[in-house]
Structures are given as C-alpha cells and as structure tokens.
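Please read the structure below before turning to the comments.
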Amino acid sequence: MPPVEDLENPNYKFATEVFSEDGKVLGTYSYSKENRVFVGYNDLSPNIINALIATEDVRFAEHSGIDAYALTRAVVKRGILMQKNAGGGSTITQQLIKLTVFDGGAETDTIQRFKRKFQEWYLALKLEKEMSKAEIMEAYLNTINLGRGAYGIEAAAERYFNKKCSDLTISEAAVIAAIAQSPSYNNPIDGQQVNAQRRDKILNNMLTLGFINQQQYDEAKADDVYSRIAEVN
C-alpha cells in the first residue's frame with residue numbers, strides 16, 4: 001500500500017518564475033509540458049469550488065472519502081445496465097489520490113485496476129482523517145490537468161481567460177470544471193462543443209444545489225464566454 005504521507009508533501013511540478021530586481025516577471029519556465037502555478041485555498045474562487053463539486057462530487061462536504069451512493073449508482077448503471085456514459089463513483093479525494101499516488105491510474109490490466117481501486121478506497125478513508133476538506137480541495141485544484149498544458153487551476157485561469165483564478169466568474173468556472181473529465185477532448189479550445197454541453201449541465205447542477213440563484217444562472221448562460229477564450233488563445 002502506498003504511504004498516505006506522500007499526499008501531504010506532493011511532488012508538484014511547478015513552473016519557475018524569474019523576476020527582475022523591481023519585481024516584474026521576466027519569464028516563466030515549465031517542467032516538461034506541465035505549466036503549474038501554486039495557489040492557496042483562500043485565493044481560490046468559490047465559483048470554481050462550487051462548479052467542481054456540482055459536477056465531480058456533490059457530497060464532497062459530507063462523505064468520509066468514499067461516496068457510497070455514487071459508487072453504488074455507478075456499479076448498477078455500468079455493470080448491470082451497461083450504460084457507458086453513466087459516470088463514475090470516484091470522489092474528489094479519490095481522484096486526488098489517483099493523480100498523485102497512482103500517476104493517473106493508467107493501468108491496462110484488469111486485475112491491477114481492481115487492486116488500485118481498493119488501495120484508492122483505503123487511502124481515501126485514511127486521507128480524510130489526516131487532511132481537512134479545504135486541504136484536499138487545494139491539493140486537487142493544484143494537481144489536476146486542465147488541458148492545453150495547464151496543470152492546476154491558476155495556470156488554467158491564465159491559459160483560457162488571462163486572469164487569476166480568484167477572479168473567475170460563474171460562467172468561466174463552469175467552463176474550466178467541464179474540462180476535468182477529459183482534458184484533451186473537453187477543453188474549450190479543442191472541444192468547444194463538448195465543453196459547452198458540460199458547462200450547461202454544470203450550471204444546471206449549481207442552480208439545483210443552491211450554489212447560484214436564478215439570476216446568476218441566467219447571466220452565466222447568456223455569457224459569450226467562448227469568444228473571450230478565442231481572443232486569449
């Protein structure tokens with residue numbers, strides 16, 4: 001079993017920023033193809049936290065690492081009803097573990113995949129006892145691949161909107177949250193149509209869960225967000 005302590009001091013591949021004497025950024029240099037800039041929990045926009053919870057883990061605040069309801073639903077829909085688009089049962093805690101401890105979980109062998117899943121469940125329960133929800137969310141948002149070389153929420157906010165993640169609007173946060181499931185195909189540059197469909201679903205979920213009100217929902221839906229992304233790109 002991999003040690004859970006690895007998650008308390010993750011080996012983030014942060015970009016290196018070079019500053020001039022008067023504090024201006026002269027250049028940013030990334031490790032390999034990953035561009036990651038650390039951001040603390042207090043500097044995260046509530047919009048991106050709510051958007052991710054609405055699409056990835058609606059019971060994030062309540063569960064202890066494993067969402068039994070979501071897991072059962074996924075098993076029934078995928079294993080019994082054979083619905084390929086039924087969605088997974090992984091919590092944000094499990095996803096964090098898969099990304100950091102298991103290198104994204106790219107096993108090709110079924111036995112190894114099952115082994116990793118059981119280890120993932122065990123570590124998720126253990127991690128929830130050692131880290132707060134805020135620490136888990138911070139680690140997840142600094143780890144996740146969000147397409148186009150943007151790793152972590154700060155790099156993604158800069159890549160798609162040329163702004164800090166703390167300034168993301170509801171509409172923009174929904175766009176970024178829509179990328180998480182498949183960074184290569186769901187990012188708003190290579191997969192705008194798929195991203196737009198998922199963005200609409202996320203906004204609906206945010207409204208249903210009470211994260212936003214009807215006026216905020218209507219304004220976000222009417223936002224011509226993809227034009228801004230094209231301009232930045």
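Position 1 is the first residue of the sequence, and the numbers go up from there.
- For Lys117, the side chain to side chain donor-acceptor pair (under 3.5 Å) partners two or more places apart in sequence, or in a different chain, are Ser90, Glu120.
- The CG atom of Asp190 lies 8.0 Å from the OG atom of Ser184; values are rounded to the nearest 0.5 Å.
- To the nearest 0.5 Å, the span separating OG1 on Thr93 from NZ on Lys126 amounts to 15.0 Å.
- Counting only distance, with no hydrogens or angles, the side chain of Gln197 and the backbone of Val194 share no donor-acceptor pair below 3.5 Å.
- Around the CD1 atom of Ile111, the shell of radius 6.0 Å holds no more than 12 heavy atoms that belong to other residues, nucleotides or ligands.
- Considering every non-hydrogen atom in both Val37 and Ala155, the closest pair reads N-CB, 4.5 Å.
- A donor-acceptor pair is defined here as one N or O able to donate and one able to accept, closer than 3.5 Å; such a pair exists between the side chain of Lys133 and the backbone of Phe60.
- Applying the salt bridge (charged side-chain N to carboxylate O under 4.0 Å, His left out) rule to Asp43 yields no partners; only residues at least two apart in sequence or on another chain are considered.
- Remark: Asn204 engages Tyr217 in a side chain to side chain donor-acceptor pair (under 3.5 Å) (not counting sequence neighbours).
- For Asn233, the side chain to side chain contact (heavy atoms under 4.5 Å, CB included) criterion is met by Arg148, Arg159, Ile189, not counting sequence neighbours.
- Considering NZ of Lys98 and CD of Gln95, their distance stands at 6.5 Å, rounded to 0.5 Å.
- Summarising the geometry of Ala173 relative to Ala51, their closest heavy-atom pair is O-CB, 3.9 Å, with the distance given to 0.1 Å.
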Quiz: residues 220-227 side-chain donor-acceptor pairs under 3.5 angstrom, not counting sequence neighbours:
from, atom 1, to, atom 2, distance (Å)
Asp223, OD1, Arg228, NH1, 2.7
Asp223, OD2, Ser171, OG, 2.9
Asp223, OD2, Arg228, NH2, 3.0
Asp224, OD1, Ser227, OG, 3.0
Asp224, OD2, Ser227, OG, 2.7
Tyr226, OH, Asn195, OD1, 2.6
Tyr226, OH, Ala196, N, 3.2

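- Counting only distance, with no hydrogens or angles, the side chain of Glu154 and the backbone of Cys165 share a donor-acceptor pair below 3.5 Å.
- Considering only heavy atoms from C-beta on, Val39 stays 4.5 Å or farther from Lys164 through its side chain.
- For the pair Ser64 (side chain) and Leu125 (backbone), a donor-acceptor distance under 3.5 Å is absent.
- Counting only distance, with no hydrogens or angles, the side chain of Gln94 and the backbone of Thr91 share a donor-acceptor pair below 3.5 Å.
- Across all non-hydrogen atoms, the minimal contact from Gly65 to Ala124 is O-CB, 3.6 Å.
- In this structure, Asn47 contributes its side chain and Leu168 its backbone to a donor-acceptor pair below 3.5 Å.
- Side-chain contact check for Asp218 versus Gln215: every heavy-atom pair is 4.5 Å or farther apart.
- Contacts of Asn42 classified as side chain to side chain donor-acceptor pair (under 3.5 Å), with partners at least two apart in sequence or in another chain: none.
- With sequence neighbours excluded, the residues satisfying side chain to side chain contact (heavy atoms under 4.5 Å, CB included) with Gln112 are Glu107, Asp109, Lys115.
- Side-chain contact between Ile144 and Ile153 is absent, with no heavy-atom pair separated by less than 4.5 Å.
- Contact annotation: the side chain of Phe102 approaches that of Leu123 to within less than 4.5 Å [non-hydrogen atoms, C-beta and beyond].
- In the hydrophobic clustering, where aliphatic and aromatic side chains (Ile, Leu, Val, Met, Phe, Trp, Tyr) are joined below 4.5 Å either directly or transitively, Phe19 groups with Val25.
- Here the closest heavy-atom approach between residue Pro188 and residue Ile179 is recorded as CD-CD1, 3.6 Å.
- The environment of CD in Gln214 is crowded: more than 12 heavy-atom neighbours from other residues, nucleotides or ligands sit within 6.0 Å.
- Contact check for Thr169 versus Phe161: no side-chain heavy atoms found under the 4.5 Å cut-off.
- Partners of Asp57 by salt bridge (charged side-chain N to carboxylate O under 4.0 Å, His left out), not counting sequence neighbours: none found.
- Neither side chain, Asn162 nor Glu158, offers a donor N or O lying under 3.5 Å from an acceptor on the other.
- Residues Ala174 and Ile202 share a closest heavy-atom pair of O-CD1, 3.6 Å.
- Side-chain atoms of Leu44 and Tyr41, non-hydrogen and from C-beta on, do get closer than 4.5 Å to each other.
- Here CG of Leu99 is found 6.5 Å from OG1 of Thr143. Values are rounded to the nearest 0.5 Å.
- Leu207 contributes atom CG, which lies 8.0 Å from atom CG of Asn213 (distance to the nearest 0.5 angstrom).
- Legend: residues meeting side chain to side chain contact (heavy atoms under 4.5 Å, CB included) with Ala230, ordered by chain and number and at least two apart, are absent.
- Side-chain contact between Thr55 and Lys201 is absent, with no heavy atoms from C-beta onward closer than 4.5 Å.
- By the side chain to side chain donor-acceptor pair (under 3.5 Å) test, Lys163 pairs with Glu172, sequence neighbours left out.
- Once rounded to the nearest 0.5 Å, the distance linking CG of Asp67 with CZ of Arg59 reads 4.0 Å.
- By the side chain to side chain contact (heavy atoms under 4.5 Å, CB included) test, Ala54 pairs with Asn205, Met206, Leu209, Phe211, sequence neighbours left out.
- Listed here is the closest heavy atom pair of Leu127 and Leu96: CD2-CD2, 4.2 Å.
- Judged purely by atom type and a 3.5 angstrom limit, Asn142 uses its side chain to pair as donor or acceptor with the backbone of Glu138.
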Q.
I'd like to know whether Leu146 forms a side chain to side chain contact (heavy atoms under 4.5 Å, CB included) with Ile176, so could you lay out the CA-CA distance, the side-chain angles of the two residues, the decisive distance to 0.1 Å, and finally the verdict.
A. CA-CA 7 Å; Leu146 291 167; Ile176 293 179; 3.8 Å; yes

